[in-house]
Amino acid sequence: MEADAAKFIGAGLACFGMGFTALGLGYMFAQYLAGALRNPSAADGQFGRLIFGFAVTEALGIFSLLIALLLLFAV
Amino acid sequence: MEADAAKFIGAGLACFGMGFTALGLGYMFAQYLAGALRNPSAADGQFGRLIFGFAVTEALGIFSLLIALLLLFAV
Amino acid sequence: MEADAAKFIGAGLACFGMGFTALGLGYMFAQYLAGALRNPSAADGQFGRLIFGFAVTEALGIFSLLIALLLLFAV
Amino acid sequence: MEADAAKFIGAGLACFGMGFTALGLGYMFAQYLAGALRNPSAADGQFGRLIFGFAVTEALGIFSLLIALLLLFAV
Amino acid sequence: MEADAAKFIGAGLACFGMGFTALGLGYMFAQYLAGALRNPSAADGQFGRLIFGFAVTEALGIFSLLIALLLLFAV
């Protein structure tokens, strides 16, 4: 396999990182929403923590996208 | 393996990213709907957060589609 | 591997994206139906949101189908 | 690998899409039946939505079958 | 890899589709039986829906079997 071919397969594999990140985010928001609908008066107080958890999780998906784009255009 | 062949396999692998994103979205909407049917009066107040979570999760699936389309047509 | 062979394997891999989307949709409808049977009077009010969630999730499966068909017939 | 060999492996991979679709359908019917046995009087009113969810989910499995048959006989 | 070898690997991969279908069916019957044992008087009324759900889910497993048999004997 040449180096050019390996770049493209690597970019495809990097999409797994985005997919699993989205699965984790989906689970996080799902449980927050389920809890917020059970106890709506407390939901506002926990929203800041949801945003914090979302930001650090989404970052990993963005890192996967960065690797995919670096593989396609930079290296 | 030539570079052209690797592009097509990479595009196929990128579809895993879309699939796992859809799995995460399905889980998020599922838990929201289950909670909303248990406590319908609070459902409207949490709908904005569902949309926020949906948007940032769907973005990761769109990034996977972007990688797949870049592999097929751009690089 | 030649480019023609890689197209066919890529199309097969793209079917994983459709399968995981269907798994997510199945979970979404499952939780909606379970909730609707527990509280039937609220089911009509949440049906619009089910349709919204269904549409944005199904879109990711259709994107996978698009990649598979592009691999077979367009590139 | 020659193109003919890749078609057969691609058709085998496409069966994963059907399998995961069946898993999603199984979950959907399971939760509907569990709910209907808990509250049989409401089951008839939600049956139309079950059929709707079944149809749009089954479609993704049929798309996978389409890709597999295209790989075997059309391309 | 020659085309004959790929047929046999493709037929093996197609069995995953049957396996996941069986997992979905197992879950469906499990939840029906759990519900029917909790409320036996309602079990007869939902049996028709169980058969309907079983038939459409089993179909996806039969499609996988079809692909496997086509790979072995027809193409």
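Everything numeric in this text was worked out from a predicted model, so none of it was measured. Chain identifiers are assigned alphabetically (A, B, ...) following the order of the sequence lines, protein sequences preceding nucleic acid strands; residue numbering begins at 1 within each chain.
- Considering only heavy atoms from C-beta on, Phe54(B) stays 4.5 Å or farther from Phe29(A) through its side chain.
- Leu50(B) touches chain A through backbone and side chain together, each having a heavy atom under 4.5 Å away.
- The two residues Glu2(B) and Glu2(A) come nearest to each other via the heavy atoms CA-OE1, 3.7 Å.
- In Phe63(A), the CZ atom is not crowded: 12 or fewer heavy atoms of neighbouring residues, nucleotides or ligands sit closer than 6.0 Å.
- Heavy-atom pairs under 4.5 Å with chain B were tallied for Ala30(A), Ala14(A), Ala6(A); the largest tally goes to Ala30(A).
- Listed for the Asp4(A) side chain is no donor-acceptor partner under 3.5 Å among the backbone atoms of Ala3(B).
- Separating the OG1 atom in Thr57(B) from the CD atom in Glu58(A) is a distance of 7.0 Å, to the nearest 0.5 Å.
- For the atom pair Arg49(B) CZ and Phe47(A) CZ, the distance stands at 5.0 Å (nearest 0.5 Å).
- In this structure the side chain of Phe73(A) reaches within 4.5 angstrom of the side chain of Leu70(B), judged on heavy atoms.
- Only the side chain of Ile51(A) comes within less than 4.5 Å of a heavy atom of chain B; its backbone N, CA, C and O stay farther away.
- Per-residue heavy-atom pair counts under 4.5 Å with chain A were compared for Ala22(B), Gly12(B), Gly53(B), and the maximum is reached by Gly53(B).
- Of the inter-residue distances, the one linking Ile67(B) atom CD1 with Phe8(A) atom CZ reads 12.0 Å to the nearest 0.5 angstrom.
- A parallel orientation is assigned to the rings of Tyr27(A) and Tyr27(B), their planes being inclined by less than 30° (bins at 30° and 60°).
- Among the candidates Leu69(A), Leu65(A), Leu25(A), Ile62(A), the residue making the largest number of heavy-atom pairs closer than 4.5 Å to chain B is Leu65(A).
- Note: Ser64(B) leads Ser41(B), Ala74(B), Ser64(B), Ala42(B) in heavy-atom pairs under 4.5 Å with chain A.
- Rounded to the nearest 0.5 angstrom, Ile9(A) CD1 and Leu13(B) CG are separated by 7.0 Å.
- In this structure, no portion of Asn39(A) lies under 4.5 Å from any heavy atom of chain B.
- Side-chain contact check for Leu33(A) versus Met28(B): some heavy-atom pair is nearer than 4.5 Å.
- Highest contact tally toward chain B, considering only Ala43(A), Ala11(A), Pro40(A), Ala34(A), is held by Ala43(A) [criterion: heavy-atom pairs under 4.5 Å].
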